[in-house]
Amino acid sequence: MDRRFAICGASTIGPDIVRLVVEAPRVAAHAQPGQFVIVRVNDHGERIPLTICDSDPEAGTITLVVQAVGSTTTQLNVMTIGEHLADVLGPLGTPTGIDRFGACVVVAGGVGTAIVLPVARALTRAGNRVTAIVGARNEDHLILLNEMRDATNEVIITTDDGSAGRHGLVTDALGTLLAEGDVDYVFTAGPIPMMQAVAGTTRDKRILTVASLNPLMVDGTGMCGGCRVTVGGESKFACIDGPDFDAHAVDFITLSKRNTAYLEFESCRFDEATEAIDA
Ligand SMILES: Cc1cc2nc3c(=O)[nH]c(=O)nc-3n(C[C@H](O)[C@H](O)[C@H](O)COP(=O)(O)OP(=O)(O)OC[C@H]3O[C@@H](n4cnc5c(N)ncnc54)[C@H](O)[C@@H]3O)c2cc1C
Ligand code: FES
């Protein structure tokens, strides 16, 4: 058995959300912010993309944050220290373009916080002033807040029900910052409707806004076409051309439709995985 991809850290950080530290020395040595890996839990498993939330080249490990939404992510949620993943392919994708933009705002929703975090760190390292807006439906679903506070100048929390931070949506907080007038760059990751709303909020002011897209992926290497997205009227493959794109040019409606195309099949796989775990 391949022993390289051992789980050496596993902790629950939110409802159905785990942080896994995985031995993957080659990935850890080359990972850059915005990149992801394709993971298989076992030899017969599905391949799923997960962002490299952190990497430690000296220890030879990467950190993944996984929300259980279906079959494979549910299996990952119950893995324990000492178990192994069958495959960890990466780092994949084009790294996030980091520059000295000035005043940056990173906007994260739910598990998107894990995708935003490495970008926030890199923007701060590059000399930017970084404000994070982290949103969730309620206090329990807020994750990685301490890590985000360490990575940025300021963290603004919003919850849909007002149980923590400001009562409202991330776009309400973003609108307030835009009204104050000091925003040069916005990066966002989270649910598709949220990213679409963020793009709508910055469009009129023509603020450079980048979204990390989450289409379905299969091979992750530009061969299968599964991750096709429409950006500025052109077809792009998110696994090699992205996952980051100009949010003002993304066709979010088509992305949303493509991501739900296999819902019925996925829900059967989910039931099978849950039964196997319960057995
Ligand atoms: C570049 C990239 C990075 C990602 N990083 C992370 C991460 O760091 N942490 C994390 O928890 N998730 C991340 N995702 C989403 C993750 O890949 C999916 O949740 C996963 O593939 C679902 O697999 P499953 O077998 O558990 O669920 P499935 O049974 O395949 O799907 C269950 C439900 O999840 C939806 N879904 C499936 N794939 C995606 C997707 N790619 N994005 C959004 N919804 C999806 C389905 O439409 C369905 O409703 C990322 C996706 C991409 C493209
Ligand atoms: S996942 Fe196959 S082309 Fe992108």
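Ligands are counted one by one from 1 in listed order, and the atoms in each one are counted from 1 as well. Quick note: residue numbers are just sequence positions, from 1. Below, all heavy atoms of this structure are taken into account, side chains as well, without hydrogens, waters or symmetry copies.
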Polar contacts were defined as any N/O atom of the residue lying under 3.5 Å from an N/O atom of the ligand; does this apply to V66 and ligand 1?
no
Electrostatic pair R129-D182, nearest N-O below 4.0 angstrom:
no
Which residue and non-hydrogen atom of the protein lie closest to atom 2 (Fe) of ligand 2, and at what distance in Å?
D219 OD1, 2.0 Å
I need the atoms of ligand 2 closer than 4.0 Å to a non-hydrogen atom of C239, numbered in the order shown.
1 (S), 3 (S), 4 (Fe)
For G220, the ligand 2 atoms with a heavy-atom partner under 4.0 Å come out as 1 (S), 2 (Fe)
Atoms in ligand 2 with a heavy atom of M223 nearer than 4.0 Å
3 (S)
Numbered in order shown, the ligand 2 atoms found under 4.0 Å of a heavy atom of V218 are 1 (S)
Based purely on interatomic distance, does L50 place a nitrogen or oxygen under 3.5 Å from a nitrogen or oxygen of ligand 1?
no
How far apart are the closest heavy atoms of E139 and T159, and which atoms are they?
N-CG2, 3.9 Å
Give me the residue, atom name and distance of the protein heavy atom closest to atom 3 (S) of ligand 2.
G225 N, 3.1 Å
So, are E234 and K236 salt-bridged, with charged N and O less than 4.0 Å apart?
yes
Checking T201, T202, T188 against T209 for side-chain hydrogen bond (donor to acceptor under 3.5 Å, both in side chains), the one that qualifies is T202
On a heavy-atom basis, I'd like to know which of P243, A238, C227, G222 is closest to atom 4 (Fe) of ligand 2.
C227
Polar proximity ligand 1 side, V65 side, N/O cut 3.5 Å exclusive:
yes
Is there an N/O/S atom in C224 at a distance below 2.8 Å from atom 2 (Fe) of ligand 2?
yes
Restricting to heavy atoms, the pick from P215, P243, P49, C53 nearest atom 17 (O) of ligand 1 would be P49
Got an N/O contact under 3.5 Å between T74 and ligand 1?
no
